[in-house]
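Here is the structure we will look at, set down as structure tokens.
First the proteins, then the strands, lettered A, B, ... as listed; each starts at 1.
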Amino acid sequence: MMRRGIGLDMNVKPHVKIKSFTSHQLFHFSIVIRMKDELTALSDIILIRQCLEGRREAFGELINRYQKTVFNVAWRMVKDYQEAQDLTQTVFIKAYEKLDTFNTQHKFFSWIYRMAINESLNFVKRRRRFEAFDESAEYAAAKPIEEVEESAMSRNVQSALMHLGIDHRALIVLKHFEDLSYEEIGYILDLPEKTVKSRLFTARQLLKNLMIKKGHVKHEQRQIH
Amino acid sequence: MSNDKYIELIHRELDGLNSPRESAQLKEYLAADPEAQQFYDEMLATASLLQEVKAVEPPAHLQHVIMNRLPANRYGRSAPTRWWAELREWLEVKFNFKYVYAFAGGLAVGVALFVLISSTPSLDSDQLTGTMMQRGQQNKLKTIKNLEINRDGVTGKIEVKQSAEIVRMELTLASTQPIELTISFDEQQLGFASLAMREGSTLGEAILIPGAAKFSHAGPKSYAVVLTKKNRTASKLEFKIARAGEVLEEWTIAVE
């Protein structure tokens with residue numbers, strides 16, 4: 001599951017190793033960690049503030065934190081590696097341009113997810129409109145999935161996913177790939193939590209049926225008493 | 001299976017949201033309904049497959065490309081803002097902010113104390129007052145006598161001032177050898193209030209006895225002696241400057 005990093009990034013490796021800590025050592029240890037990479041240690045909100053003050057490299061850290069997430073959302077939604085790259089770029093450029101409108105009451109990752117989903121939905125709708133494809137044609141028009149190194153199982157899942165409607169696909173992506181709560185999904189898709197739940201249940205059942213149809217999930221004709 | 005309640009419980013189970021009681025309730029229901037059990041197993045298998053899907057790595061250069069495409073000078077800052085922002089960032093990274101606040105608080109208290117202390121005027125010849133003398137009384141002082149001495153290596157002057165409440169004597173004396181100054185007064189009328197040295201000046205010795213104050217010193221000295229008036233009746237002050245037991249000068253003045 002992808003990490004949704006906010007606040008301190010404790011993946012930063014320290015310069016020194018201390019086997020047993022006193023509280024005093026621990027304090028200095030934490031400073032060493034912070035000094036290792038100041039940008040990595042800062043919260044999203046501080047990075048945004050720095051960015052608004054003209055420090056572009058702070059936005060670079062935000063890209064570093066969330067590019068994989070945004071890219072994967074786009075990839076799962078459009079199943080086109082090049083388009084996923086373009087969408088990721090578009091999302092971050094728009095986020096940068098609108099950064100001064102960002103409401104700090106929300107989490108930055110929710111905001112960026114929202115933009116990623118919206119951009120992906122718009123892209124799929126545009127592609128469908130201009131190419132006059134239906135959703136299965138859209139799937140067929142996408143670049144070969146072999147461009148991306150994925151396991152056979154991942155490719156099967158992605159294939160089934162592309163046969164879902166885009167709204168249902170978005171729900172599966174946010175819930176199962178990004179591990180977001182109903183509330184967070186509601187904010188991202190601008191839906192009430194109750195609607196999120198009911199649509200997610202439908203999406204899952206549709207996906208299950210697709211997986212069974214393609215033979216990826218075993219369906220036994222059990223004896224019903 | 002048509003029971004909506006259990007369909008919801010199945011989905012909640014997949015999301016890990018069921019309580020132990022709800023999970024047990026679902027398990028019991030599934031055990032009794034093979035169709036529901038099959039539905040659950042298939043949903044679980046689908047969810048498990050989804051969970052196994054790994055995230056795809058974006059191209060390594062993606063961040064660089066995005067940074068290059070960002071509009072230039074979108075967000076600027078004035079020089080003072082930048083200076084303050086950089087200071088804040090530095091403090092945030094190098095220190096925990098609570099230490100900064102503690103330091104700033106201590107600094108503010110220190111500055112406040114310094115201002116308070118430095119705002120207290122230092123003594124000068126016009127400001128020589130006793131430590132117990134109330135400020136404002138000096139404005140009412142009037143000089144009643146100027147005494148001067150220039151004899152056998154002893155020079156200087158004594159300016160005697162008085163108000164309705166006090167008598168203040170400002171003394172500036174210089175001597176090559178130790179001298180003794182005695183100020184005598186009627187204890188019924190006057191009482192010793194304070195002694196103040198001019199900045200940088202020290203006394204060799206000061207002795208207070210009933211009805212008199214004796215000061216011994218050598219070299220240039222500048223100090224002030226304040227007596228309080230105990231009543232409104234007239235009195236007198238006697239000054240005697242002596243050296244090695246030899247009286248060099250004596251004065252007696254009246255105070256009212």
Side-chain angles (χ1 to χ4, degrees), chain A residues 1-2 31 34-35 38 41-42 46 49-56 59-60 63-64 67-69 71-72 75 81 84-85 88-89 92-93 96-97 99-100 148-151 153-154 156-158 172 175-177 182 197 200-201 204-205 207-208 211-212 216-220 222-225, chain B residues 1 4 7-8 10-12 14-17 32-39 41-59 61-78 81-82 84-86 88-90 92-96 99:
Chain A
M1 209 58 65
M2 257 182 286
I31 289 179
R34 282 169 177 238
M35 289 171 71
E38 15 179 302
L42 296 178
I46 291 176
R49 197 182 64 216
Q50 289 182 352
C51 187
L52 292 175
E53 287 166 352
R55 231 181 125 175
R56 277 164 65 100
F59 195 74
I63 296 172
N64 185 44
Q67 61 171 342
K68 190 171 178 180
T69 298
F71 179 82
N72 272 271
W75 161 247
Y81 197 76
Q85 285 184 57
T88 306
Q89 289 181 36
F92 278 108
I93 290 165
Y96 183 76
E97 287 172 341
L99 204 58
D100 51 352
V148 180
E149 283 185 18
E150 281 202 300
S151 65
M153 183 274 300
S154 293
N156 292 338
V157 171
Q158 183 67 36
I172 295 289
K175 184 65 199 168
H176 287 277
F177 297 149
Y182 297 147
K197 277 166 67 176
L200 177 65
F201 295 173
R204 273 182 186 148
Q205 285 171 232
L207 185 65
K208 178 201 71 140
M211 299 288 274
I212 289 170
H216 305 316
V217 169
K218 198 180 286 183
H219 176 70
E220 294 173 11
R222 296 183 185 177
Q223 191 72 33
I224 310 295
H225 298 289
Chain B
M1 189 183 65
D4 290 342
I7 290 177
E8 178 160 358
I10 286 171
H11 284 283
R12 285 174 55 83
L14 293 174
D15 292 332
L17 298 175
D33 186 339
E35 189 184 358
Q37 181 69 57
Q38 183 172 356
F39 176 80
D41 291 344
E42 290 167 358
M43 290 296 288
L44 188 61
T46 305
S48 300
L49 283 176
L50 289 172
Q51 204 164 10
E52 286 176 34
V53 173
K54 298 283 187 295
V56 175
E57 285 298 324
H61 62 275
L62 186 58
Q63 181 179 354
H64 183 69
V65 171
I66 296 169
M67 287 301 287
N68 284 340
R69 286 188 59 192
L70 293 181
N73 303 321
R74 174 80 182 180
Y75 303 111
R77 49 186 173 177
S78 62
T81 309
R82 184 163 54 245
W84 173 239
E86 283 170 1
R88 281 187 58 141
E89 286 158 18
W90 186 81
E92 278 177 17
V93 171
K94 303 293 182 199
F95 303 102
N96 193 324
Y99 298 107

Can you name the closest pair of heavy atoms from [X] and [Y] and give their distance?
X        : Y       : answer
B/Pro58  : A/Tyr81 : C-OH, 3.8 Å
B/Met67  : A/Arg56 : O-NH2, 2.9 Å
A/Phe177 : B/Val53 : CE2-CB, 3.8 Å
A/Ile63  : B/Gln63 : CG2-CG, 3.7 Å
A/Val217 : B/Leu49 : CG2-CD1, 3.8 Å
A/Ser154 : B/Lys54 : OG-N, 4.0 Å

Sequence neighbours excluded, the answer for salt bridge (charged side-chain N to carboxylate O under 4.0 Å, His left out) partners of B/Glu57 is A/Lys68
Tell me whether the rings of B/Tyr75 and A/Tyr96 are parallel (<30°), tilted (30 to 60°) or perpendicular (>60°).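 B/Tyr75 vs A/Tyr96 ring planes: perpendicular.
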**Request:** Given side chain to side chain contact (heavy atoms under 4.5 Å, CB included), test A/Lys175 with B/Asp15 step by step and report yes or no.
**Result:** CA-CA 9 Å; A/Lys175 184 65 199 168; B/Asp15 292 332; 3.4 Å; yes
Assert top hit (heavy-atom pairs under 4.5 Å, partner chain B, pool A/Leu207, A/Ile212, A/Asp100, A/Ile172) equals A/Asp100
Pick from A/Gln205, A/Met211, A/His216: which one has the most heavy-atom pairs with chain B under 4.5 Å?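 It is A/Gln205.
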Honestly, the part of A/Leu99 sitting under 4.5 Å from a heavy atom of chain B is both
Pair B/Met43, A/Arg204 - check side chain to side chain contact (heavy atoms under 4.5 Å, CB included), show working.
CA-CA 7 Å; B/Met43 290 296 288; A/Arg204 273 182 186 148; 3.4 Å; yes
